[in-house]
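Presented below is the structure to which this report refers.
We name chains A, B, ... by the order of the sequence lines, and we start the count at 1 in each one. A quick note: this is a predicted structure, and the numbers were derived from the prediction, not measured.
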Protein chains: 2
Amino acid sequence: MNAPTVSMNARTAIFPPEPVQAVFASLASRSRPTSSYANGQEIYAEGQRATRIYRVEFGAVRVCHSLADGRRQILSFHLPGEWFGFGANSVHRFSAEAIGYTGIQSLGLTATMDLSSSLMPAVLQCLARAQDHQLLITRQCATERTAAFLSEMAERQGDRNLVQLPMARADIADYLGLTTESVSRSFTRLKDKGVIRFHGQRSIEIARWDMLQLLSE
Amino acid sequence: MNAPTVSMNARTAIFPPEPVQAVFASLASRSRPTSSYANGQEIYAEGQRATRIYRVEFGAVRVCHSLADGRRQILSFHLPGEWFGFGANSVHRFSAEAIGYTGIQSLGLTATMDLSSSLMPAVLQCLARAQDHQLLITRQCATERTAAFLSEMAERQGDRNLVQLPMARADIADYLGLTTESVSRSFTRLKDKGVIRFHGQRSIEIARWDMLQLLSE
DNA sequence: CGAAGCCTTGACCGTCATCAAACGGCGTGG
DNA sequence: CCACGCCGTTTGATGACGGTCAAGGCTTCG
C-alpha cells in the first residue's frame with residue numbers, strides 16, 4: 001500500500017494536521033487491500049449501513065443522491081488519495097459509485113473506536129468542501145459554474161495547465177445543477193473565448209488561468 | 001495540492017447525538033456569558049482570526065459570503081440552540097451577522113483541543129445541513145426551493161403548522177440563490193395553491209404539510 | 001465494421017432575473 | 001393622534017438564460 005501522502009492545508013490549524021493517515025497506519029490491520037470496481041459500479045448504497053471509510057487508489061468516485069422523479073444530484077467527486085464514505089455505525093444518506101475502472105481501499109470502523117479527534121481535521125475539510133460547493137452552485141451563470149468547476153479540478157489534480165476529466169458531461173451537469181447540453185455549451189463558450197483548449201473531449205488545457213479565475217470569482 | 005478529502009455521508013455516525021450542550025456546561029469556564037447583538041451587527045468577519053465557537057441563545061444568525069461584484073450568498077441560518085463558527089481553521093472564511101436582536105454565547109478554543117469528540121456531533125450536524133442545502137439549491141424550480149426552505153425551517157423550529165421567519169425575503173433569496181421577487185412570487189404561488197396561509201409577512205401557517213413535502217421532494 | 005454511448009449543435013419555449021412601480025407596516029415627528 | 005417617509009414586500013412587464021426536444025457527429029468497443 002502506498003503511504004498516503006498528506007499535505008493538510010492551513011485550514012485545520014487548530015486541530016493537528018497529521019492524524020488522519022496515522023489512523024490508517026495504526027489500524028492497518030482492519031484495512032482491506034485495494035479492490036477494484038467497474039465503471040458505474042456501486043461502492044455503497046443509500047440507506048445501507050455504514051461501517052467503513054474508503055480511500056480512492058486510482059480512478060474516481062461520485063457521491064450522489066437520486067430523487068423520486070429520476071433526477072440525480074452529485075454531491076462530490078473524489079480523486080486518488082482522497083477519503084470518503086464516513087458515517088460508520090449509521091446509515092449512508094447517499095450512494096457512491098465508481099467512475100471508470102477504479103481502485104478503492106477501505107478501513108473498518110467499530111462503534112467503540114474513539115476516532116473523533118483523529119478524524120476531526122478530515123471532517124472539517126469535508127465541511128469546507130461542501131461549503132465551497134454551495135457557493136459554486138449558488139452562482140447564477142452556467143459558464144461561471146463550469147469555469148469554477150474546471151478551476152477546482154485543476155487545483156485538486158495539481159496541474160493548472162491541464163485537466164483530465166474522469167467523468168462524463170452528465171456527471172458534471174448533475175454536480176453543477178445544469179444539463180449536459182448547458183455544460184457542453186459552457187465548454188464551447190470557454191473554448192471560443194480562448195480560456196481553454198481541448199485535447200480530446202476529457203482532456204482540457206487551461207490557456208488562460210487568470211480569465212478562468214475571473215469567471216470563477 | 002493533494003490534501004486528503006473525506007466525505008461524511010451520515011448524519012450521526014459513531015458519535016452520539018446528545019452531548020453538545022453537555023460540552024458547553026462542562027467547559028463553562030472557557031465560555032463567555034450571553035452577549036447581545038443588534039439587527040445586522042457582525043459577530044465575526046471574513047478573514048478574521050477564528051478562536052471561538054458560538055451558540056445562538058435567542059434571535060438568529062446568518063453566515064454569509066460577499067462576492068466582488070456585490071452579490072451576497074448566505075450559506076446557513078442558525079436558530080436558538082445551534083452552534084456555528086466552525087470552519088475552525090485559523091481564519092474565518094465567511095462572516096456571521098445577527099438577524100434581529102440576537103443573543104450569542106461563545107466558547108474559546110485552544111490549540112490543544114480535547115473537545116474534538118464532544119464537538120463532533122455539532123460539526124457533523126453542520127455538515128449534514130450543508131449537504132442538505134446543496135441538494136436544496138440544485139433543485140431547478142424556484143417554488144420547489146422555497147417549499148423546501150419552509151419545510152426545513154418548520155422542522156428546525158419544531159412546529160409543522162406554523163413557521164416564524166426571523167429573516168427578510170432578501171436573506172431567503174440569497175440563501176436559495178434566487179431574487180427577493182422570485183421568493184415573494186413563490187410564496188404567493190404556495191398561498192394560491194392553498195399550501196400555506198399568511199398571518200403577517202413573516203408568520204406562515206402550513207395548511208398542507210403533505211403538499212409541501214411533495215414539492216420539496 | 002456496426003452499434004451503442006457520449007458529445008455537440010440547433011430551434012424553441014418556459015422560468016426566472018431585471019427594471020419599475022405600487023402597496024403595506026412601522027417608527028418618527030409634527 | 002395623525003401625517004409623513006422609509007423600508008420591506010408584492011405585483012407587473014419585459015427579456016435573457018438555460019431547459020427541453022431533436023438531430024447529427026464522434027469515440028469506443030464488441
| Going by atom types only, do B:Arg93 and A:Gln131 share a side-chain donor-acceptor pair under 3.5 Å? | yes

| remark: From CG of A:Leu190 across to C1' of C:dT8 the rounded distance in Å is 15 Å

| Out of C:dC6, C:dC16, C:dA20, which nucleotide sits closest to the side chain of B:Ser182? | C:dC16

| query | So what does A:Arg145 touch, heavy atoms closer than 4.0 Å: a base, only the sugar-phosphate, or nothing? | reply | nothing

| field | Interatomic distance, B:Glu181 CD vs C:dA22 P [rounded to whole Å] | value | 16 Å

| task | Nearest whole angstrom, please: distance from the C1' of C:dT18 to the CG of B:Asp69. | result | 15 Å

| query | Please give, in whole Å, the distance from C:dC26 P to B:Asn39 CG? | reply | 15 Å

| Between B:Arg72 and B:Ser66, is any side-chain donor less than 3.5 angstrom from a side-chain acceptor? | no

| task | Decide side-chain contact (heavy atoms from CB on, under 4.5 Å) for B:Tyr101 and B:Ser36; before the verdict, give the C-alpha distance in whole Å, the side-chain angles of both, and the deciding distance to 0.1 Å. | result | CA-CA 7 Å; B:Tyr101 181 66; B:Ser36 56; 3.4 Å; yes

| Between A:Thr188 and C:dT9, is there a side-chain N or O to OP1/OP2 distance below 4.0 Å? | yes

| query | Please give, in whole Å, the distance from C:dG5 P to A:Gln201 CD? | reply | 16 Å

| query | Can you find a donor-acceptor N/O pair under 3.5 angstrom joining the side chain of A:Arg185 to the base of C:dG10? | reply | yes

| message | By nearest heavy atom, map B:Arg202 and A:Leu178 onto DNA chain D; which one lands nearer the 5' end? | response | B:Arg202

| field | Whole-Å gap separating C1' (C:dC6) and CE (A:Met167) | value | 15 Å

| said: I'd like to know if B:Glu181 and B:Arg169 make a salt bridge, using a cut-off of under 4.0 Å between side-chain N and carboxylate O. | reply: no

| request: Specify the separation, in whole Å, of atom CD1 of A:Ile196 and atom C1' of C:dT8. | output: 13 Å

| query | Does B:Thr179 put a side-chain nitrogen or oxygen below 4.0 Å from OP1 or OP2 of C:dA17? | reply | yes

| task | Would you kindly give the CG-to-P distance between B:Leu176 and C:dT15, to the nearest whole Å? | result | 18 Å

| said: Evaluate B:Ile206 against B:Asn161 for side-chain contact (heavy atoms from CB on, under 4.5 Å), listing each step before the verdict. | reply: CA-CA 5 Å; B:Ile206 300 177; B:Asn161 294 319; 5.8 Å; no

| query | For DNA chain D, which nucleotides open and close the run of contacts to chain A, 5' to 3', at under 4.0 angstrom from a non-hydrogen atom? | reply | D:dG18 to D:dC21

| query | With ring centroids as reference points, do B:Tyr44 and B:Phe94 lie under 6.0 angstrom apart? | reply | no

| field | Proximity of B:His133 and B:Tyr175 rings by center, below 6.0 Å | value | yes

